[in-house]
Undergrad: 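Before we start, here is the structure in question, set down as C-alpha cells.
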Amino acid sequence: MPKVLVIYAHPETAKGSSTHELYKHFINSYIEKNPDDEIIVHNVSECMPFPLNKIAVSIYNKNLAKTALNADEARFNDSRQQWIDEFVNADKYVFVNPMYNLFLPAEMKSYIDMIMQAHDTFHYDKDGNSVGDLHHKKVIHLQTSGGNYHDSNSNPDSKIQDLADQYLCMMLHLMGVDDYTSVFAEGMDHDPLHAIEILDNAYNNAEKAGKEF
C-alpha cells in the first residue's frame, strides 16, 4: 500500500488554528478516497531530534575523512538514518505549515537539512552536479499566511516574497521530486472581514486536492 509521510510544523495549542483545519480538510478527504494507505505524521515543531548541530557536523567531517564515529555520534547517525530512510521509502509527501516571516518554520527547515543527504536523496555526477535520486513520488504543500501572496488580487511581486513555497519546491526538485502542488489559505489578517469566506474557499481547495492526490 502507498505510504504517505506528513511533515507538520505547528506547535500543539489549545486554540484551533487555520493551519490545522486546512490539513484536516485535506487529509480527511484523502483518507476517504484512499482508506488503505499508510499515513505517518511527524509534528517537527514538537519533535525534531536530529538538527544540524555539532554532532551532525562532526559526523559529516568524519565521513569525509573516513574515520570512525564515537559512540554518541554512531547513535545519532543510526537514529537519524531511520528518519532519512522513512523519507526515501515514502510514496507521497505532505508538508503543512504556517508562513513565518516569509519562510518555513525553523523546525521544517531543519527537517529538510536532515533529509538532504548525498547518497540517500541525491548524488553528484562526474561533473559535480547534484542529481536527485527520488523518482515517481509526489508532494503537496499546505500553507497558511495572514497576507496575500498568490491570489489574483495580490501585488504581482508578492508571489516571489513567498520564500517558503519556493524553497520547498526547489529542494524537493533537487531530490528528484517534481510532482509538486500547493494549496494556500492566505489573506485572513489582510482582510479580516472576509476571513471566513477565505478559509472556506481554501478548505474546499484542500478537500479537492485530497481527492486528487
Undergrad: How about Tyr180 and Leu168: do any of their side-chain heavy atoms sit closer than 4.5 Å?
TA: yes
Undergrad: To the nearest 0.5 angstrom, please state how far the OG atom of Ser29 sits from the CG atom of Asn204.
TA: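 The CG atom of Asn204 is 10.5 Å from OG of Ser29, to the nearest 0.5 Å.
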Undergrad: A quick test of your reading: do over 12 heavy atoms of other residues, nucleotides or ligands sit less than 6.0 Å from NZ of Lys24?
TA: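 Not buried by this count: 12 neighbours or fewer within 6.0 Å.
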Undergrad: Heavy-atom count check: over 12 atoms from other residues, nucleotides or ligands less than 6.0 Å from His42 NE2?
TA: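 Buried by this count: over 12 neighbours within 6.0 Å.
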Undergrad: Indicate the ring-plane relationship of Phe50 and Trp83, choosing parallel, tilted or perpendicular according to the 30° and 60° boundaries.
TA: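 The rings of Phe50 and Trp83 stand perpendicular, inter-plane angle above 60°.
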Undergrad: If you count every heavy atom of other residues, nucleotides or ligands that lies below 6.0 Å from Ile196 atom CD1, does the total exceed 12?
TA: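 For Ile196, atom CD1 is not crowded (no more than 12 foreign heavy atoms under 6.0 Å).
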Undergrad: In terms of heavy-atom contacts, does OH of Tyr100 have more than 12 from other residues, nucleotides or ligands at under 6.0 Å?
TA: yes
Undergrad: With the 4.5 Å side-chain cut-off for hydrophobic clustering, are Val88 and Val4 part of the same group?
TA: no
Undergrad: Are Tyr8 and Tyr23 near enough that their ring centres are under 6.0 Å apart?
TA: yes
Undergrad: Test side-chain contact (heavy atoms from CB on, under 4.5 Å) on Glu21 and Leu199 and set out the steps.
TA: CA-CA 9 Å; Glu21 289 300 316; Leu199 287 172; over 6 Å; no
Undergrad: Going only through I, L, V, M, F, W and Y residues with side-chain contacts under 4.5 Å, is there a path from Val183 to Tyr149?
TA: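 In one cluster: no.
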Undergrad: Give me the atom names and distance for the closest heavy-atom approach of Ala9 to Pro98.
TA: O-CD, 3.1 Å
Undergrad: Take a 6.0 Å sphere around CG of Asp125 and say whether it holds more than 12 heavy atoms from other residues, nucleotides or ligands.
TA: yes
Undergrad: State, with a plain yes or no, whether a side-chain heavy atom of Ile115 is found less than 4.5 Å away from one of Asp120.
TA: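 Side-chain contact under 4.5 Å: no.
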Undergrad: Do Leu22 and Val41 share a hydrophobic cluster (ILVMFWY, side-chain heavy atoms under 4.5 Å, transitive)?
TA: yes
Undergrad: Between Phe122 and Leu174, does the side-chain contact (heavy atoms from CB on, under 4.5 Å) criterion hold? Intermediate values first, please.
TA: CA-CA 7 Å; Phe122 74 100; Leu174 291 174; over 6 Å; no
Undergrad: Answer yes or no: is there a donor N or O on one side and an acceptor on the other, between the side chain of Asn43 and the main chain of Ser45, under 3.5 Å?
TA: yes
Undergrad: Would a hydrophobic clustering, with Ile, Leu, Val, Met, Phe, Trp and Tyr connected at side-chain separations under 4.5 Å, put Met114 with Phe87?
TA: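 Linked, Met114 and Phe87 end up in one cluster.
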Undergrad: Working note: Asn70 + Lys62, criterion side-chain contact (heavy atoms from CB on, under 4.5 Å); need CA distance, chi angles, decisive distance, verdict.
TA: CA-CA 10 Å; Asn70 64 36; Lys62 286 185 176 181; 4.2 Å; yes
Undergrad: Between Glu46 and Glu12, is there a donor-acceptor pair closer than 3.5 Å when you use the side chain of the first and the backbone of the second?
TA: yes
Undergrad: Ala118 and Tyr124: which non-hydrogen atoms are nearest, and at how many Å?
TA: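 Nearest heavy atoms, Ala118 then Tyr124: CB-CE1, 4.3 Å.
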Undergrad: Give a yes-or-no answer on whether the side chains of Asp165 and Gln143 include a donor-acceptor pair shorter than 3.5 Å.
TA: no
Undergrad: What do the steps show when you test Lys92 against Tyr30 for side-chain hydrogen bond (donor to acceptor under 3.5 Å, both in side chains), and what is the final call?
TA: CA-CA 12 Å; Lys92 301 178 182 180; Tyr30 181 85; 3.0 Å; yes
Undergrad: Other residues, nucleotides and ligands only: do more than 12 of their heavy atoms fall within 6.0 Å of CD on Gln166?
TA: yes
Undergrad: Starting at CD1 of Ile112, measure out to CE of Met171 and round the result to the nearest 0.5 Å.
TA: 6.5 Å
Undergrad: As an exercise, state the distance from CD of Gln117 to CG of Asp133, rounded to the nearest 0.5 Å.
TA: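 Gln117 atom CD to Asp133 atom CG measures 12.5 Å (nearest 0.5 Å).
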Undergrad: Flag yes if more than 12 heavy atoms outside His123 fall under 6.0 Å of its NE2 atom; otherwise flag no.
TA: yes
Undergrad: Do Asn89 side-chain atoms and Asp85 backbone N/O form a donor-acceptor pair below 3.5 Å?
TA: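 Pair found, side chain donor or acceptor close to backbone of Asp85.
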Undergrad: Quick one, Phe213 and Lys33 - any side-chain contact, counting heavy atoms below 4.5 Å?
TA: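 They are not in side-chain contact.
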Undergrad: For a 4.5 angstrom cut-off between non-hydrogen side-chain atoms, does Leu134 reach Tyr93?
TA: yes
Undergrad: Indicate the atoms forming the closest heavy-atom contact of Ser145 with Met188, along with that distance.
TA: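 Here Ser145 and Met188 meet closest at O-CE, 3.6 Å.
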Undergrad: Calculate, to the nearest 0.5 Å, the distance between atoms CD1 and OH belonging to Ile198 and Tyr203 respectively.
TA: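 Taking CD1 in Ile198 and OH in Tyr203, the distance rounds to 11.0 Å.
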Undergrad: Nearest heavy-atom pair of Pro51 and Ser110: which atoms, and what distance?
TA: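 Heavy atoms of Pro51 and Ser110 come nearest at CA-OG, 3.6 Å.
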Undergrad: Less than 4.5 Å apart, side chain to side chain, heavy atoms only: is that true for Asp162 and Glu186?
TA: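 They are not in side-chain contact.
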Undergrad: How many angstroms lie between OG1 in Thr121 and CG in Leu172, if you round to the nearest 0.5 Å?
TA: 9.5 Å
Undergrad: Is any side-chain heavy atom of Val96 closer than 4.5 Å to one of His10?
TA: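 With C-beta onward as the side chain, the pair stays apart.
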Undergrad: Could you check whether any side-chain heavy atom of Gln81 comes within less than 4.5 Å of a side-chain heavy atom of Asp78, counting everything from C-beta outward?
TA: no
Undergrad: Considering residues, nucleotides and ligands other than His135, do more than 12 of their heavy atoms fall under 6.0 Å from its NE2?
TA: yes
Undergrad: Whether the side chain of Asn201 engages the backbone of Glu197 through a donor-acceptor N/O pair (distance < 3.5 Å, no angle test) should be reported.
TA: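 Looks like no, no N/O pair under 3.5 Å.
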Undergrad: Would you confirm whether Asp127, through its side chain, and Asn129, through its main-chain N or O, come within 3.5 Å as a donor-acceptor pair?
TA: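 The answer is no, because no donor-acceptor pair under 3.5 Å joins these two groups.
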Undergrad: Please report the closest heavy-atom contact between Asp37 and Met1, naming both atoms and the distance.
TA: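 Looking at all heavy atoms of both residues, the shortest contact is C-SD, 4.0 Å.
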Undergrad: Cluster question for you: counting only ILVMFWY and a side-chain heavy-atom cut-off of under 4.5 Å, with indirect links fine, are Leu142 and Ile7 together?
TA: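 In one cluster with Leu142: Ile7, no.
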Undergrad: What closest approach, in Å, do Glu73 and Leu69 show between heavy atoms, and which atom pair accounts for it?
TA: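 Shortest heavy-atom contact: OE1-CA, 3.4 Å.
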Undergrad: Is the closest side-chain heavy-atom distance between His141 and Leu104 below 4.5 Å?
TA: yes
Undergrad: Please round to the nearest 0.5 Å and tell me the distance separating atom NZ of Lys3 and atom CG of Asp91.
TA: 8.0 Å
